[in-house]
Amino acid sequence: MPELPEVETTTRGLSPHICGQKILQVNIYQPQLRWPVPEVLQQLEGQVSHDIERRAKYMLWRFAKGTVVMHLGMSGAMRVVDADTPLRKHDHFEVVFDNGKALRLNDPRRFGAILWQPKGQSLEIIDSLGPEPLSEEFNGKYLHQKLSKRKGAIKNAIMTNAVVVGVGNIYASESLFLSGIHPKRAANRISLKRCRLLAFNIKEVLAKAIKQGGTTLKDFTQTDGSPGYFSQELNVYGREGQACNKCQTPIKNIVLGQRSSFYCPRCQR
DNA sequence: CCCTACTCCTGAGTGC
DNA sequence: TGCACTCAGGAGTAGG
């Protein structure tokens with residue numbers, strides 16, 4: 001279940017298999033995802049795809065006529081298989097190529113999305129996104145400025161797409177631990193110096209996770225089916241009651257914004 | 001603007 | 001085994 005590193009891993013894994021391929025057929029088996037899957041996608045039949053790029057946790061798959069916008073939600077996975085491979089439960093969307101392969105979206109919880117953005121038109125959900133965490137635009141100064149009007153918990157703030165994209169529940173907890181910041185601290189009460197540290201650690205933790213192919217918690221796998229290897233690097237996520245790696249104090253778990261939030265009560269202030 | 005609660009779903013795990 | 005219940009990595013949206 002994808003956070004940014006998983007989406008990046010998926011995008012990179014898919015690219016060589018689906019870009020430059022001619023589409024034979026588009027099959028919508030279950031149109032009821034987060035939003036209805038648009039039937040106009042059928043018009044891709046006969047088209048050749050250009051490139052695929054990640055923006056936040058969206059994958060943007062470009063064609064001459066427009067872009068297929070794909071999101072994996074909480075439980076989505078994309079796989080490239082031989083087109084005659086039997087469908088699995090929860091295979092909702094499929095693109096068949098003329099080389100005998102097929103791209104399939106499998107998504108048990110159906111929080112994922114497949115959208116169509118016609119060439120020249122904009123999509124509000126994409127336009128309203130904040131900066132990429134790994135870009136130069138996202139730095140301590142930017143973060144400090146952006147947080148200056150936010151009185152809510154810092155963890156909620158860094159998980160808000162308008163502030164910075166791609167920081168999900170796992171990496172929010174992890175980056176706050178590395179920065180020694182309590183997840184509940186009011187966002188506007190964090191110094192510029194600590195904002196610099198936090199921005200740095202968000203970049204670090206995401207870059208490292210991407211390098212290792214994403215976090216494997218339950219059933220995330222890379223597009224070839226192999227697991228990611230970041231899960232052993234987690235300092236606090238899912239470690240309630242276990243000893244902090246820095247000071248041995250038991251890790252705590254509180255609920256913030258209806259999400260589990262793990263932290264060390266001694267290291268994080 | 002910001003913030004919180006709610007919402008869409010299925011499946012895995014737990015306790016009885 | 002079965003049933004009821006809780007929880008899960010996202011994030012748009014309504015209403016304060």
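Within every chain, numbering begins at 1; the chains are lettered A, B, ... in the order of the sequence lines, protein sequences first and strands thereafter.
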Taking OP1 and OP2 of [N], is either one under 4.0 Å from a side-chain nitrogen or oxygen of [X]?
| X | N | answer |
| --- | --- | --- |
| Y171(A) | dG10(C) | no |
| K57(A) | dA11(C) | yes |
| K89(A) | dG11(B) | yes |
| S260(A) | dA8(C) | yes |

Side chain of [X], heavy atoms from C-beta onward: which of [options] has the nearest atom to it?
| X | options | result |
| --- | --- | --- |
| Q258(A) | dG10(C), dC6(B), dC3(B) | dC6(B) |
| P108(A) | dG12(C), dC2(B), dT10(B) | dT10(B) |
| H90(A) | dG11(B), dC3(B), dG9(C) | dG11(B) |
| I125(A) | dG9(C), dG12(C), dA11(C) | dG12(C) |
| N156(A) | dG10(C), dT4(B), dG12(C) | dT4(B) |
| E6(A) | dG12(C), dT10(B), dG9(C) | dG9(C) |

Expressed as a whole number of angstroms, how long is the span from [X]:[atom1] to [N]:[atom2]?
| X | N | atom1 | atom2 | answer |
| --- | --- | --- | --- | --- |
| Q30(A) | dT10(B) | CD | P | 9 Å |
| M159(A) | dC2(B) | CE | P | 17 Å |
| K146(A) | dC3(B) | NZ | P | 12 Å |
| W35(A) | dT13(C) | CH2 | C1' | 10 Å |
| N169(A) | dA11(C) | CG | C1' | 12 Å |
| D107(A) | dC8(B) | CG | C1' | 11 Å |
| M74(A) | dG10(C) | CE | C1' | 6 Å |
| F262(A) | dG9(C) | CZ | P | 8 Å |

Completion exercise
The reported gap from CG in N106(A) to NE2 in H90(A) (rounded to nearest 0.5 angstrom) is 7.0 Å
Problem - Face-to-face stacking of F111(A) with dA11(C), centres under 5.5 angstrom, angle under 30° - result: no
Any base atoms under 4.0 Å from [X], or only sugar-phosphate, or nothing? Heavy atoms, all strands.
| X | value |
| --- | --- |
| R150(A) | sugar-phosphate |
| T160(A) | nothing |
| Q32(A) | nothing |

Handout entry: Cation-pi, F138(A) ring and K146(A) (6.0 angstrom, 45 degrees)
Key = no
Using only atom types and a distance under 3.5 Å, with no angle test, would you say the side chain of [X] pairs donor to acceptor with the backbone of [Y]?
| X | Y | value |
| --- | --- | --- |
| E174(A) | V236(A) | yes |
| S135(A) | P131(A) | no |
| Q117(A) | Q121(A) | yes |

Practice task
Between dG9(C) and dC3(B), how far apart are the C1' atoms? Round to whole Å, please.
Solution key: 23 Å
Practice task
Between dC3(C) and dC9(B), how far apart are the P atoms? Round to whole Å, please.
Solution key: 23 Å
Handout entry: Y29(A) ring center near H92(A) ring center (under 6.0 Å)
Key = no
Exercise for the section: Please check if the distance between the ring centroids of Y263(A) and H182(A) is under 6.0 Å. Expected result: yes
Would you say the side chain of [X] and the base of [N] hold a donor-acceptor pair, judged only by whether the two atoms sit under 3.5 Å apart?
| X | N | answer |
| --- | --- | --- |
| R110(A) | dC9(B) | no |
| R34(A) | dG10(C) | yes |
| R259(A) | dA8(C) | no |

Practice task
Tell which nucleotide pairs with dA5(B), taking only Watson-Crick or G-U wobble pairs whose two distances are both under 3.5 angstrom.
Solution key: dT13(C)
